Structure formats: C-alpha cells, structure tokens
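One structure below.
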Amino acid sequence: MPLSWNEIKSRSLAFSKQWEHECSEDAEAKSFWDGFFGVFGISRKRVASFEEPVKKLGNKQGFIDLFWKGVLIVEHKSRGKNLDKAYTQALDYFSGIKEHELPKYVLVSDFAGFRLYNLEDKEIHEFPLKDLHKNIKLFGFIAGYQTHKIKDQDPVNIKAAESMGKLHDQMKEVGYEGHALELYLVRLLFSLFAEDTGIFERQQFQEYIQDRTSEDGSDLAHHITTLFQVLNTPHDKRFKNLDEQLAAFPYINGKLFEEMLPTASFDKAMRQALLDCCALDWSRISPAIFGSLFQSIMDKKARRNLGAHYTSEKNILKLIKPLFLDDLWAEFDKAKTNKNKLAEFHQKLRKLTFLDPACGCGNFLVIAYRELRLLELEVLRAARVTDQLTLDVNGLILVDVDQFYGIEIEEFPAQIAQVALWLMDHQMNLQVSEEFGMYFARIPLRATSTIVCANALRVDWNDVVPAEKLSFIMGNPPFIGAKFMGEQQKQDVGFVFGGIKNAGLLDFVAAWYVKAADMIQESNIRCAFVSTNSICQGEQVGVLWSWMLAQGMKIFFAHRTFSWNNEARGKAAVHCVIVGFSCRDVSSKWLFEYENIKGEAHVLPANNINPYLIDAPDTVLPNRSKPICAVLDIGIGNKPIDGGHYLFTEEEKNVFLQVEPQAALYFRRWLGADEFLNGYHRYCLWLGGCSPSQLRAMPEAMKRVDAVRKTRLASKSAPTQKLAATPTRFHVENMPENDYLIIPEVSSERRYYLPIGFESPETLSSNLVKMVPNATRYDFGVLSSLMHNSWMRTVCGRLKSDYRYSAGIVYNNFPWPENPTEKQTQTIETAAQAVLDARTQFPESSLADLYDPLTMPPVLLKAHQTLDKAVDAAYGKTNFKTEAERVAFLFELYQKYTSLLPAEKPKKPRKKKEA
C-alpha cells in the first residue's frame with residue numbers, strides 16, 4: 001500500500017535538508033537516489049538499476065545512471081553541470097532500449113535541483129532541491145498515485161485497443177476463442193490497469209511475466225492461469241509455500257477471476273504482444289470509452305474503423321447533466337455550508353440508483369458514476385471545511401458501483417461494463433487519495449454493479465432493479481430504422497408494442513421508450529434516451545407520442561437535433577435528439593437548441609416541451625387527408641409501375657425516335673425530385689391517350705407496352721397484376737390542365753429553403769414530387785417562406801438526414817395566415833415573383849446550385865428574406881428570435897384552427913406480456 005501524501009511530504013522535507021548539506025561533487029549518487037526512492041517508501045533496488053549498459057546511436061556503449069524499465073531514466077551530473085546536456089545524453093540511450101521498456105519520464109539532476117520531463121504529456125518541471133516537498137506530487141508515478149487528466153480522445157486509448165486487438169487475433173488463431181477468450185482478455189485488461197494504478201505494485205504483472213516465463217512463451221499460459229487463481233484467493237487461504245512473487249499479488253475478489261477457464265497457449269510472438277501491452281501506461285486509459293474500443297477489437301471490420309463506435313464523454317454529459325447532475329450540484333450549493341444538510345445530501349447520493357437498459361460496455365454508467373464521485377468529493381471537501389477536522393476517508397466514501405444497473409444483450413460488453421465501473425472506481429479512489437493525503441482503495445472488491453446479460457425488450461426491468469428502488473433510467477439504445485430491423489428485432493418490438501396502433505412505423509429505439517413508460521408509472525423515476533431524431537418527426541410522432549402522452553408522460557428536457565459523433569478515425573455521426581421524460585410534471589424544463597447541428601447548444605427555459613421538441617402545447621399531428629385551412633389540395637405525381645420501360649434519357653429518346661419518329665407526339669418531359677433539383681432532362685412515353693390504331697402503327701412502342709404488361713404480371717402484388725390489363729395507363733395519374741406547383745419529396749437538409757417551383761401541364765411529374773394544381777404566386781410565396789420551411793423542418797419525416805416532405809403531416813397540418821388583407825396578399829405575391837425573377841438571372845444554374853448555402857446568390861437570398869418579412873406580416877407577428885419560437889407560434893395557431901383539446905387523460909397501463 002502506498003504511503004500517504006502527508007508522510008511522503010514529511011520524508012521529502014527531511015531528504016532535502018539532509019542532501020542540502022551532504023551534496024558535493026564527490027557525493028555518492030547511489031546513496032542520493034536510494035534516499036530519493038525511500039521518500040516514497042520504495043526500494044530503489046527492487047525497481048531500478050544503476051549503470052545499466054546500453055548501446056547508443058552509432059553502436060557505442062553507454063551506461064544509464066539509473067534505469068527503471070518502462071518508467072524512468074535518471075541522468076545525474078555534478079553540481080552546476082549543464083542539465084540540457086544531461087537530457088540529450090538520456091535521449092541518446094533510447095535507440096538501444098526495447099520498445100516495451102522505453103521510459104515515460106526522464107529526470108535529470110545535479111544534486112542541487114531537479115528537472116522532470118513527462119514525455120507523454122510533453123511537460124517539463126524544474127525546481128531546486130529545497131522545493132522538492134512543494135513539487136512532490138509530480139512523482140506520484142513512483143509512489144503509486146498515478147493520476148492523469150483522462151481524455152476520451154487521447155490516442156493512448158486507441159493504441160491500447162489496437163495492442164489488445166493484436167493479442168486477441170493471435171490467441172484466436174491458435175484456437176482459443178469464444179467466451180473463454182473474451183473473459184481471458186477482460187482479466188488481462190484488469191491486470192494491466194491494476195499495475196499502473198496502484199492496485200498491484202508498479203510493473204508487478206509485467207515483471208512476473210518477464211522474470212518467471214520463458215521467452216518462447218511455452219509456459220506463459222500456465223503462469224497466467226496460476227496468477228488468476230491467486231488473485232481469486234484470499235491471503236489466508238493461499239498455500240503457505242506459494243512462490244514469493246505470486247504471493248505478493250493482492251486478493252481481488254469481485255468474482256472476476258472466479259470461473260475456471262481452459263488453459264490457453266502462447267508462443268514467443270504472443271508473449272511479446274502481451275509485454276507490448278504492459279509497456280503502455282494504462283493509468284491514462286479512459287474506462288468510459290475504452291470498453292467500446294475494446295469491444296470493437298473482436299470484429300476486424302469494426303477495428304478498421306476503430307474509434308467510430310464509442311460515445312464521447314461530451315455527448316454523454318449532454319444527457320446526464322440535465323437528467324440529474326445539474327440538479328444535484330444546485331442542491332449541493334445550497335447545502336454545503338450547513339453541516340446537517342450536507343450530511344443529508346451525502347446520504348441522498350448513496351441512495352440514488354441508475355439503470356441503463358442498453359448499456360453496451362457501460363459508457364453512460366461509468367461517466368455517471370465518475371460524476372457522482374466527483375460531486376461526493378466536493379461534499380467531503382465541504383465537510384472538511386465545516387468540521388475543521390482531518391477526515392478519515394475510508395469510512396466516509398459512500399457512493400459505490402452497486403448503485404448502478406445495466407442490461408446488455410451480448411455477454412462480452414456486459415463483462416466489460418462491470419470491469420469498467422471497477423476501473424473508474426479505482427481511478428476515483430486515487431483522486432480521493434491524492435486529495436486527502438492518504439491511500440484509499442477498495443481491494444478486495446466487495447461491491448459490484450449489476451449488469452444483466454439479457455434481451456432488454458424481453459426481460460422485466462423490475463427483475464433487474466425494482467422500480468421502487470430506482471431513481472434514473474438513461475442510455476443510448478440501438479439506432480435501427482423500422483424498415484431495417486431483422487426478424488428477431490421485429491418480434492422483440494412486437495412483444496413490447498402490444499396493441500399500439502401503427503407500431504410498425506416505429507424505429508427500434510421506440511421500444512425502450514415504451515418499456516420505460518411502463519416501468520415508471522406512478523413513480524418519481526426520470527428517464528432520458530439518446531435517439532435518432534425520427535421519433536420526434538413525421539408519422540412516428542403520432543404513433544409513439546400519442547401513446548406516451550396517454551400514459552401521462554411529460555418531457556422535461558430535450559436536445560433538439562444535433563450531430564452525435566466523436567473525433568476518432570472513421571468517426572460515426574448520426575442526427576440525434578435526447579429526450580428526458582417522466583410521469584410527473586417537472587417544474588423546470590429546458591430546451592437545448594442548435595443553430596449548427598455540429599456546434600454547441602444554447603439553453604432556453606420552456607413552459608412545455610411537446611413531442612416535436614418545441615415549447616408549445618402537447619400536440620400530435622395526425623396524418624390528414626385534407627388541409628386544415630381553406631387552401632388548394634396537394635397530391636402526388638404520376639406513378640407508372642412500368643419497370644422503367646416508359647422512361648428515357650435524352651439520348652435514349654433520340655435513339656428511339658430514329659427508329660420510330662411517329663412516337664415523338666407521345667413523349668413528354670418527365671420530372672422527379674432529382675430532375676427538378678439538378679436540372680437534367682428525362683422523358684416519358686405517355687401512351688394513355690393513344691388510340692389502338694395509332695399504337696399498332698408503332699411496333700417499338702408496342703414492344704414497350706408488352707414489356708410493361710409482363711412486368712406487372714410478374715409482380716407478387718395482386719393489385720399490380722391487375723394493372724397488367726391496362727398496360728398503357730399508370731397506376732397513379734395526376735396530369736393537371738394548368739400550371740401547377742411542384743415540391744420535391746426529398747431534399748437536402750443543408751438547404752435553408754426548400755426549392756419549389758411552377759411547371760406547365762406539358763410536363764409529367766413523377767410520384768417523387770408533390771403537386772399543387774392551379775397554385776398562385778401567393779401559394780408559392782407562403783410555401784417558400786421561412787415560416788413554412790421552419791414547420792417542415794420540425795414535423796417532416798427524414799430519409800437519412802434529408803427532409804421528406806409529406807402531404808398528410810406537413811402540408812395538410814400547416815396553419816396558413818388566418819385572414820390576410822388584400823394588401824398583404826399582394827405584397828406576398830410581389831415578393832414571390834421577385835424570388836422567381838432572381839432565379840432567372842442564373843439560367844445555367846440548377847436549383848441545387850441556387851439553394852446550396854455555400855453558393856446561393858445574394859440577390860436570391862435577399863429576395864427570400866423580403867418574402868419572409870411579407871409572410872410574417874400576414875401572420876401578424878415578426879421578429880422571431882429562433883426557429884423554435886417561430887414553430888411554437890405555428891403550433892398555437894394550429895391549436896386554434898383545429899380547436900384541439902388538452903392531451904387525453906392517462907390511460908391505465910397496458911398489461912405486460914408474459915415472457
């Protein structure tokens with residue numbers, strides 16, 4: 001066990017005074033450094049050697065003054081000598097040192113002072129001998145207090161995972177695989193971490209492998225198996241004649257080493273791979289993200305994208321801070337000066353419990369635990385101030401890993417989650433030790449988290465942790481769209497959704513919302529999940545949130561759409577929301593807005609957060625067949641179901657007409673969303689109005705008709721087969737006689753304005769666009785305005801991240817200006833025409849060019865801004881500060897138009913199915 005910092009500081013003062021008087025050019029360096037290590041209660045002879053021979057650059061022989069393999073090189077000079085030269089000399093030795101033995105620190109000294117180089121953090125610290133006690137914590141790596149500012153993006157995390165991946169592959173290649181391999185690697189991970197963080201002695205695991213196993217690796221598996229057994233055996237139950245080096249290892253407990261595994265097999269390369277792992281500084285590893293990286297090594301494809309699958313701490317904090325952490329800190333601030341209230345608050349921290357029902361490798365649980373321990377540390381600091389006493393932290397650390405619960409469907413990440421919580425616990429214990437000057441560790445392990453390996457959609461969450469004991473549910477359930485679920489996943493969500501109407505529209509993540517809502521009925525439990533933003537857009541809102549609101553669920557915080565990613569190589573990014581909800585109304589509600597989805601949020605207080613994550617009444621938009629306002633109907637374009645036989649590029653059309661020129665009368669320009677936006681031409685052979693005699697006179701056209709008939713007959717769909725009887729007609733025909741407005745069904749989410757436009761009746765539009773026949777400039781103006789675009793962005797569905805415009809949700813529910821005056825109407829029409837005129841100034845540019853935010857012409861942008869002002873004026877409200885405020889206004893107008901009543905009273909919870 002390391003000495004307390006107080007004891008180390010006292011020893012350092014005595015050491016400084018002793019050598020201030022004794023040091024001279026003739027002083028004995030060995031005695032100096034033996035005394036220096038003694039300050040930390042470490043025998044220098046056990047860990048480091050003097051005059052270590054090494055080959056320098058140029059194959060010259062050199063001798064390192066003091067060498068602690070893998071940790072430290074000391075280069076000592078006489079008083080007053082150049083320490084820069086000493087440092088250069090130390091670096092010259094590196095070429096002759098094995099990679100896994102390279103030091104992390106270089107220390108140079110001339111008796112009178114020290115200069116410490118931290119090679120990994122690229123830090124240099126220099127001070128005189130008399131100030132050693134003031135800088136003593138720089139040498140925590142000697143004492144066993146190895147603390148770092150853990151960074152989730154630190155390259156050492158990925159390097160560590162890659163090193164373990166190499167070892168994993170080698171073991172798998174020799175036939176050691178499955179559960180045994182996974183648990184074996186988890187145990188090795190713990191051992192590597194243990195020897196760099198004070199659980200084991202410094203380099204105890206590495207030295208055991210180096211000293212006691214053959215270089216060819218033939219006996220390594222036997223020694224590791226023996227070590228695992230020792231780690232699982234209390235000291236008083238170990239063999240009395242146990243090897244001294246093995247006996248020095250601590251008893252770990254926690255059941256981590258309990259299961260007897262098959263004996264592995266190693267060779268020379270595998271032994272070296274393990275030693276390479278030992279050479280890394282595992283105290284720098286972030287338990288919060290290493291688990292996910294570690295899991296990815298099991299899959300070579302995932303490993304090529306190493307780092308793409310973990311969740312950054314920054315994103316985890318976006319959820320846990322508003323869910324519970326911010327409130328706890330606010331409560332602490334009120335209690336910290338009152339001894340009794342502070343004690344009550346500390347007890348409250350101990351009673352909090354957390355469940356992540358899709359915990360993976362435990363990222364959310366680990367960060368939540370760390371933050372709770374950091375808050376507890378502040379409680380102890382405040383208690384020390386109020387009591388004016390030195391605290392015995394051994395009896396005062398209350399928060400522990402047994403307050404955390406998880407459900408994970410795969411065994412390996414479930415094991416990692418449990419170990420990751422232990423590792424974080426130990427890192428926090430080291431921080432406590434450093435803070436209070438006395439060593440604190442929970443070894444052997446007594447408390448343990450509860451990580452259940454099970455299907456979260458099948459298991460009763462109350463069997464994992466009873467609802468009456470639970471405080472918070474949180475996590476990041478899988479992102480799988482409704483159309484992309486496998487058969488087993490469909491069965492799982494079917495089991496959860498039960499009688500929820502139209503549940504087939506819901507993404508996989510929605511099942512966790514339903515399970516959570518079932519569990520928290522009539523409780524104070526608060527929940528928050530990261531989800532794809534699709535559950536708060538389009539048709540899914542009507543399905544999921546109609547049911548959630550009926551169960552009495554209330555949203556009390558939400559992050560609107562943002563990019564959920566990290567900074568690792570091959571980073572994975574997806575557009576997400578975070579939704580916090582409870583069955584109780586929470587007085588303080590917060591909306592996190594993103595002007596740039598890749599940027600930082602700004603926080604706004606809210607009166608009510610509805611399912612579209614807007615500060616507005618709880619409203620769920622139905623899929624309507626008719627508009628709520630007295631406006632023109634919208635429809636889809638033509639849907640041929642022709643197998644592509646009636647559609648032509650310009651080149652294909654020209655080739656066809658060379659053979660059959662009389663068909664020119666029947667070719668019409670064909671326009672889908674892509675053609676409309678990108679400005680290229682396609683054509684359709686429309687034969688619906690062609691007489692039988694004219695058709696029979698065109699043999700090439702007849703071939704196309706026959707091909708369409710056969711395509712329809714070959715379909716598995718009975719209605720499509722029926723259409724084979726009329727092969728010249730389309731499944732859906734929508735051919736206006738006058739000009740019509742066209743709205744692309746799918747458009748890039750990068751565009752601030754959705755490009756829409758007028759088309760003449762000679763052009764046939766496909767079912768990939770929406771059509772408004774007989775539309776006016778006023779219609780174009782309102783639908784092109786920021787008011788309508790803001791509505792569309794909020795309520796529409798998405799195809800990947802692109803906007804998916806719908807008639808039933810977006811257009812038919814849109815609240816148009818209530819009673820615009822004639823002057824307001826004319827102003828909108830004039831501004832709308834100005835937008836169209838601005839477009840014509842760039843005849844060579846497509847709509848995609850014109851509406852790209854990077855290339856949009858200023859004249860067009862200005863025309864749109866003028867139009868926005870005109871439309872806002874027609875609504876009778878201007879100067880909206882944010883898009884969310886604009887949409888909240890529209891929801892109020894929607895309620896007025898539809899005379900919606902408040903949300904239904906909560907229904908009785910559904911009966912749960914028997915598993």
Side-chain angles (χ1 to χ4, degrees), residues 2 4-6 9 137 140 145-152 197-198 283 286-288 313-354 362-404 420-442 447 449 471-472 474 526 528 557 588 590 603:
S4 71
W5 276 119
N6 292 335
K9 186 173 288 189
K137 289 191 177 182
Y145 293 97
Q146 186 77 347
T147 58
H148 293 286
K149 291 180 181 177
I150 303 297
K151 298 178 287 187
D152 60 339
T197 57
S283 68
S286 167
E313 294 186 17
K314 180 180 177 181
N315 279 335
I316 294 171
L317 288 169
K318 287 179 180 178
L319 183 148
I320 67 174
K321 282 171 66 67
L323 177 62
F324 65 88
L325 196 58
D326 290 342
D327 287 346
L328 289 176
W329 274 100
E331 189 175 347
F332 166 71
D333 284 338
K334 292 178 181 178
K336 63 184 178 182
T337 57
N338 184 301
K339 179 180 177 181
N340 293 331
K341 287 184 178 180
L342 189 64
E344 289 175 9
F345 177 71
H346 195 182
Q347 289 295 329
K348 175 181 177 175
L349 294 184
R350 173 57 183 155
K351 293 174 183 176
L352 297 176
T353 52
F354 303 81
N363 310 43
F364 280 79
L365 297 174
V366 170
I367 294 297
Y369 180 61
R370 182 193 70 190
E371 293 301 312
L372 209 61
R373 285 291 303 272
L374 287 172
L375 178 53
E376 183 182 40
L377 185 55
E378 287 300 320
V379 171
L380 295 178
R381 286 172 178 154
R384 182 167 57 182
V385 171
T386 56
D387 285 350
Q388 296 294 313
L389 296 172
T390 301
L391 297 179
D392 177 9
V393 294
N394 287 279
L396 291 179
I397 301 295
L398 303 182
V399 176
D400 211 335
V401 294
D402 58 3
Q403 296 170 240
F404 291 80
L421 277 163
W422 279 327
L423 300 187
M424 181 56 79
D425 178 63
H426 190 67
Q427 281 189 340
M428 296 313 301
N429 294 340
L430 289 177
Q431 196 162 334
V432 169
S433 300
E434 187 170 4
E435 173 73 23
F436 292 98
M438 58 186 72
Y439 184 69
F440 173 65
R442 285 168 166 157
S449 57
S471 308
F472 301 100
M474 60 188 178
R526 295 185 183 185
F557 85 87
S588 297
W590 302 97
V603 191

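Please read all numbers here as calculations on a predicted model, not as lab measurements. As a basis for the values below, the full set of heavy atoms in this structure was taken, side chains included, without hydrogen atoms, waters or symmetry mates.
Counting all heavy atoms, side chain and backbone alike, N340 lies closest to N338 at N-OD1, 3.1 Å. Residues K336 and A382 share a closest heavy-atom pair of O-CB, 3.9 Å. The two residues L319 and A528 make their nearest non-hydrogen contact at CD1-O, 3.5 Å.
D327 is listed as a side-chain neighbour of R526, based on a closest heavy-atom distance under 4.5 Å. L349 has its side chain out of reach of L398: every pair of non-hydrogen atoms, C-beta onward, lies at least 4.5 Å apart. In this structure, the side chains of R370 and L374 come closer than 4.5 Å at one or more pairs of heavy atoms. L375 has its side chain out of reach of V399: every pair of non-hydrogen atoms, C-beta onward, lies at least 4.5 Å apart. Using a 4.5 Å heavy-atom threshold, the side chains of L365 and V401 count as separate. The shortest distance between side-chain heavy atoms of K351 and K348 does not fall below 4.5 Å. The shortest distance between side-chain heavy atoms of K318 and N315 falls below 4.5 Å.
Every residue was checked against the side-chain contact (heavy atoms from CB on, under 4.5 Å) condition with E344, not counting sequence neighbours, and none meets it. When the salt bridge (Lys or Arg N to Asp or Glu O under 4.0 Å) test is applied to K321, the partners found at least two apart in sequence or on another chain are D326.
Panel note: side chain H346, backbone V379; no donor-acceptor pair is recorded below 3.5 Å. Counting only distance, with no hydrogens or angles, the side chain of E313 and the backbone of I367 share no donor-acceptor pair below 3.5 Å. S471 places no side-chain N or O within donor-acceptor distance of the main-chain N or O of F354, the cut-off being under 3.5 Å. Side chain of N429 to backbone of D425: a donor-acceptor contact under 3.5 angstrom is found.
Between Y369 and F404, the two ring planes are perpendicular [angle over 60°; tilted spans 30° to 60°]. Using the six-membered ring where Trp is involved, F345 and F332 have ring planes that are tilted, between 30° and 60° apart.
The distance from the CG atom of L325 to the CZ atom of F472 is 9.5 Å, given to the nearest 0.5 Å. In this structure, CG in L372 is found 6.0 Å from CD in Q403, a value given to the nearest 0.5 Å. If you take CD1 on I320 and CZ on F364, they are separated by 8.5 Å, rounding to the nearest 0.5 Å. The structure places CZ of R381 at 4.5 Å from CD of E378, a figure rounded to the nearest 0.5 Å. Taken to the nearest 0.5 Å, the OG atom of S449 stands 7.0 Å off from the CH2 atom of W422. For the atom pair CG (L423) and CE (M428), the distance works out to 13.5 Å, reported to the nearest 0.5 Å.
Salt bridge present: E376 and R373 bring a charged side-chain N and a carboxylate O closer than 4.0 Å.
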